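In what follows, a single structure is set out as structure tokens and then discussed.
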Amino acid sequence: MKYWLFKSEPDEFSIDDLAAKAKQTEHWDGVRNYQARNFMRDEMRVKDRAFFYHSNCKEPGIVGTMRIARTAYPDHTAFDPNDKHFDPKSDADAPRWFMVDVKFEKKFKRVITLQELKTSSEGELKGFPLVRRGNRLSVMPVSREHWQFILSLL
DNA sequence: GCCAACGTTGGC
DNA sequence: GCCAACGTTGGC
């Protein structure tokens with residue numbers, strides 16, 4: 001089993017939004033970065049675990065956990081000219097972008113802030129992309145050791 | 001294939 | 001709202 005982290009701007013889609021969905025499950029659309037896509041398309045498996053990270057907000061940080069509920073399939077929002085994430089180079093015959101389904105698991109009682117995580121960037125979390133300066137990956141792998149260390153902060 | 005220009009991300 | 005860092009685009 002693998003571990004992941006997904007970023008989302010809470011103004012767009014928060015962990016509470018996910019928890020409020022039918023079956024507490026939603027597709028993770030809008031990823032338009034090749035590295036992130038490859039993780040989703042090639043490596044994610046049902047039941048893999050993932051952190052939900054709130055970005056671009058007052059208190060950026062990890063707010064809870066999810067499970068992968070469905071392996072990758074084409075991101076239909078790329079086909080829709082009216083969608084914010086429309087990509088004319090992607091169509092149903094040759095989809096360029098993919099998404100997985102995620103299922104809400106747990107919301108933490110407190111946010112594990114980016115600031116807090118950064119204090120371990122040269123220690124327990126060395127090599128974790130999230131705490132690397134200038135990191136822009138919206139979907140990234142988390143090692144088993146990093147996953148467990150982060151949970152131990154709660 | 002290089003690299004400057006541009007657009008986007010995301011912390012602050 | 002600013003701006004540094006990064007990915008993508010396109011001219012050459």
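Small disclaimer: the values here were computed from a predicted structure and weren't measured. The sequence lines fix the lettering, A, B, ..., with proteins before strands; numbering per chain opens at 1.
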Query raised in the report: How long is the line joining CG of A:Asp87 and P of B:dG7, in whole Å?
Result: 17 Å
Report task. Classify the ring geometry between A:Phe13 and A:Trp28 as parallel (under 30°), tilted (30 to 60°) or perpendicular (over 60°). Result -> perpendicular
Query raised in the report: Does OP1 or OP2 of B:dT9 have a side-chain N or O of A:Lys7 closer than 4.0 Å?
Result: no
Report task. With the side chain counted from C-beta on, respond yes when A:Phe149 and A:Val142 share a heavy-atom pair under 4.5 Å apart, and no when they do not. Result -> no
Requested in this report: Taking only the side-chain nitrogens and oxygens of A:Tyr53, find out if one of them lies under 4.0 Å from OP1 or OP2 of B:dT9.
Outcome: no
Query raised in the report: Heavy atoms under 4.0 Å, any strand shown: does A:Lys89 hit a base, just sugar-phosphate, or nothing?
Result: sugar-phosphate
Requested in this report: To the nearest Å, give me how far apart NE2 (A:His54) and P (B:dG10) are.
Outcome: 13 Å
Requested in this report: Find the distance A:Glu116:CD to B:dC12:P and express it as a whole number of Å.
Outcome: 14 Å
Query raised in the report: Between A:Lys118 (NZ) and B:dG11 (P), how many Å, whole number?
Result: 7 Å
**Report entry** Within 6.0 angstrom of A:Arg96 CZ, more than 12 heavy atoms from elsewhere
**Finding:** yes
Report summary line: Here the distance between atom P of B:dC12 and atom CG of A:Leu117, to the nearest Å, is 11 Å
Requested in this report: Could you tell me if the ring centre of A:Tyr34 sits under 6.0 Å from that of A:Trp97?
Outcome: yes
Query raised in the report: For DNA chain C, whose closest nucleotide is more 5', that of A:Arg132 or that of A:Asn56?
Result: A:Asn56
Requested in this report: May I have the distance from A:Leu137 (atom CG) to B:dG10 (atom P), rounded to whole angstrom?
Outcome: 9 Å
Report task. Specify the separation, in whole Å, of atom CH2 of A:Trp97 and atom C1' of C:dG7. Result -> 10 Å
**Report entry** Nearest-Å distance for atom pair CD/C1', residues A:Glu59 and B:dC12
**Finding:** 14 Å
